[in-house]
Number of protein chains: 2
Amino acid sequence: MINPYDIIPKYYQLANILRQKIREGEWPPRTPIPSERQLETQYSVSRTTIRQAIDYLEKQGFVYREHGRGTFVSPQKLQKGMQELTSFSEDMLRRGIQPGQVIQSIEYLLPPEEVLQRLELSPNTKVLRIERIRLGDGNPIGLQTSYLKLAEEQVIHREDLEATGSLYRILQDKFNIIPTEADETLEVTLATPSEASLLQIKAGAPLLLNERLLYNQNREPVEFVKILYRGDRYRYLTRLTK
Amino acid sequence: MINPYDIIPKYYQLANILRQKIREGEWPPRTPIPSERQLETQYSVSRTTIRQAIDYLEKQGFVYREHGRGTFVSPQKLQKGMQELTSFSEDMLRRGIQPGQVIQSIEYLLPPEEVLQRLELSPNTKVLRIERIRLGDGNPIGLQTSYLKLAEEQVIHREDLEATGSLYRILQDKFNIIPTEADETLEVTLATPSEASLLQIKAGAPLLLNERLLYNQNREPVEFVKILYRGDRYRYLTRLTK
DNA sequence: GTTGTAATGTGGTCATTACCAGTTATAATT
DNA sequence: AATTATAACTGGTAATGACCACATTACAAC
């Protein structure tokens with residue numbers, strides 16, 4: 001079942017197998033999964049590897065351990081990782097809402113000073129700004145403005161973005177930029193007339209402002225994004241882990 | 001330097017030593033920490049232990065690894081874990097604001113149906129409700145309503161709460177309930193007249209509603225809490241990790 | 001029946017050894 | 001001088017073996 005000659009690590013293959021059993025309901029929430037010694041013989045790998053696989057699943061929130069008792073399947077909750085959190089599309093799909101977007105602009109320009117500082121860039125540096133209107137079931141939900149720090153040769157075209165619909169997929173597949181961490185803030189603001197007309201609400205209506213600074217796998221800031229959500233149509237979800 | 005006869009695990013002691021060096025600035029951000037082989041000889045522990053310690057620091061966000069290059073000190077960011085996130089007091093102190101609270105009520109009662117469901121309780125079960133006004137530098141910032149699932153013998157008195165100021169400290173020290181996970185939602189609402197008067201704002205002013213379901217170390221829900229923050233005086237901070 | 005205790009099973013820690021997989025500096029080659 | 005190979009790093013994966021700490025069960029003693 002475990003392929004030792006694969007480039008994919010054993011613990012990773014094993015974690016996928018176990019995750020599958022949890023997702024398919026073979027092991028319901030709160031039930032113990034086989035003990036580490038059992039899995040050791042069952043899959044013919046060392047306990048080191050077993051523990052590494054379970055470590056991985058625990059970090060993802062699929063299982064939890066109790067010293068002296070066993071390892072148990074976590075009750076399904078929000079179940080969100082970075083991938084889903086940072087992706088508007090996946091977030092919406094998860095909630096059963098059809099995502100969409102209208103790309104308003106995509107161009108290189110000199111961003112506000114604040115953005116340069118957040119992206120750890122020197123003054124007078126141009127960055128890529130993408131302005132989008134986010135849709136849920138066809139109706140406007142949010143206004144998103146992204147500022148991206150990209151190398152010269154890393155070019156994003158309007159068509160790419162329209163085709164995939166996901167900025168993060170492009171970053172990952174084309175530029176090997178893997179989002180690994182993000183700092184976020186959320187606060188309340190009131191809609192300006194222009195924002196209001198784009199979101200099809202009244203000026204002065206309450207909005208949820210979500211700011212995010214995204215880091216790549218080397219902990220370098222790559223994107224600073226502001227999203228203005230309609231207060232009446234959006235709810236922010238998150239899971240905190242110790 | 002590492003005490004082998006201590007009950008405290010070696011990897012944990014080692015992690016503390018390394019974290020200390022980072023906090024004190026001995027190892028500035030982006031600089032490599034000693035390699036795993038170097039630490040191995042330096043502290044006379046096995047590489048297993050070294051890696052376990054670094055795993056721990058990495059999970060806490062103090063360092064990051066780059067395959068083939070080394071392990072590096074993370075640039076300081078929000079630096080928040082569960083502890084700080086779930087504790088209003090610590091959150092405020094971190095921002096340089098003097099926290100405070102006015103306990104409005106603390107009593108056992110039948111909560112709304114929604115709360116019973118969230119706490120996985122059967123109908124007609126009484127829970128402890130705590131209503132508090134949260135203060136920042138003496139001024140009202142938020143209205144907090146907590147519903148707690150506690151055993152018969154787990155009693156919280158008004159005096160305890162007033163003395164420590166921290167509900168989570170009581171849960172941890174007296175009842176051995178350790179918050180390990182939480183699901184949160186954030187959305188915008190408008191202040192009702194009564195809420196407005198408590199928060200000293202106008203009725204209809206925008207508020208940030210933060211709901212949280214808190215789990216203990218066994219992944220059982222223990223607290224459901226709603227916090228209504230003044231939109232003009234509060235900003236929610238969080239850090240997402242992959 | 002109750003209590004204490006030993007056995008057993010669970011995850012937690014740690015050392016040792018080996019090799020693989022990226023990165024980078026250095027030496028050899030051209 | 002530029003290029004290419006190599007060696008010497010780095011962290012990543014894996015097996016093996018040992019013992020510890022905690023929880024539960026079985027059972028003997030009372």
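Nothing here was measured: the structure is a model prediction, and the numbers come from that model. Only heavy atoms go into these numbers, but all of them, side chains included; no hydrogens, no water, no symmetry mates.
Between B:Y56 and B:Y11, the two ring planes are perpendicular [angle over 60°; tilted spans 30° to 60°].
The phosphate of C:dG9 (OP1 or OP2) has no side-chain N or O of A:Q38 nearer than 4.0 angstrom.
Rounded to whole Å, the distance from CG on B:D55 to P on C:dT13 is 12 Å. Nucleotide C:dG12 holds its P atom 13 Å from the OH atom of A:Y64, rounded to whole Å. A:H67 has its NE2 atom 5 Å from the C1' atom of C:dG11, to the nearest Å. Rounded to whole Å, atom P of C:dC19 lies 13 Å from atom CZ of B:R37. Taking atom CZ on B:F72 and atom P on C:dT24, their separation rounds to 8 Å, with Å as the unit. Distance CG (B:L39) to P (C:dC14): 15 Å, rounded to an integer number of Å. In this structure, B:E66 atom CD and C:dA21 atom C1' are separated by 15 Å, rounded to whole Å. Residue A:I54 contributes atom CD1, which lies 11 Å from atom C1' of C:dT10 at whole-angstrom precision.
A distance-only check finds no donor-acceptor pair linking the side chain of A:T185 to the backbone of B:L237 [under 3.5 Å].
Here the nucleotide nearest the side chain of B:R69, chosen from C:dC14, C:dG12, C:dT24, is C:dT24.
You can see that DNA chain D meets the heavy atoms of chain A within a 4.0 Å-exclusive cut from D:dT13 to D:dT24, reading 5' to 3'.
Residue A:G68 is the one, among A:G68 and A:R65, whose nearest nucleotide of DNA chain C lies closer to the 5' end (criterion: closest heavy atom).
Counting non-hydrogen atoms under 4.0 angstrom, A:S35 reaches the backbone sugars and phosphates but no base. Among the atoms of the strands shown, only primed sugar atoms or phosphate atoms (P, OP1, OP2) are found under 4.0 Å from some heavy atom of A:T49.
Of the N and O atoms on the side chains of B:Y236 and B:E184, at least one donor lies less than 3.5 Å from an acceptor on the other residue. The closest side-chain donor-acceptor pair between B:E181 and A:Y64, if any, does not fall under 3.5 angstrom.
Residues that satisfy the ring-ring contact (aromatic ring centres under 6.0 Å, His included) test with A:Y108, not counting sequence neighbours, are absent from this structure.
Atoms CZ and CZ, on B:R65 and B:F72 in that order, are 12.0 Å from each other to the nearest 0.5 Å.
Salt bridge annotation for B:E220-B:K149: absent, with no cationic side-chain nitrogen under 4.0 angstrom from a carboxylate oxygen.
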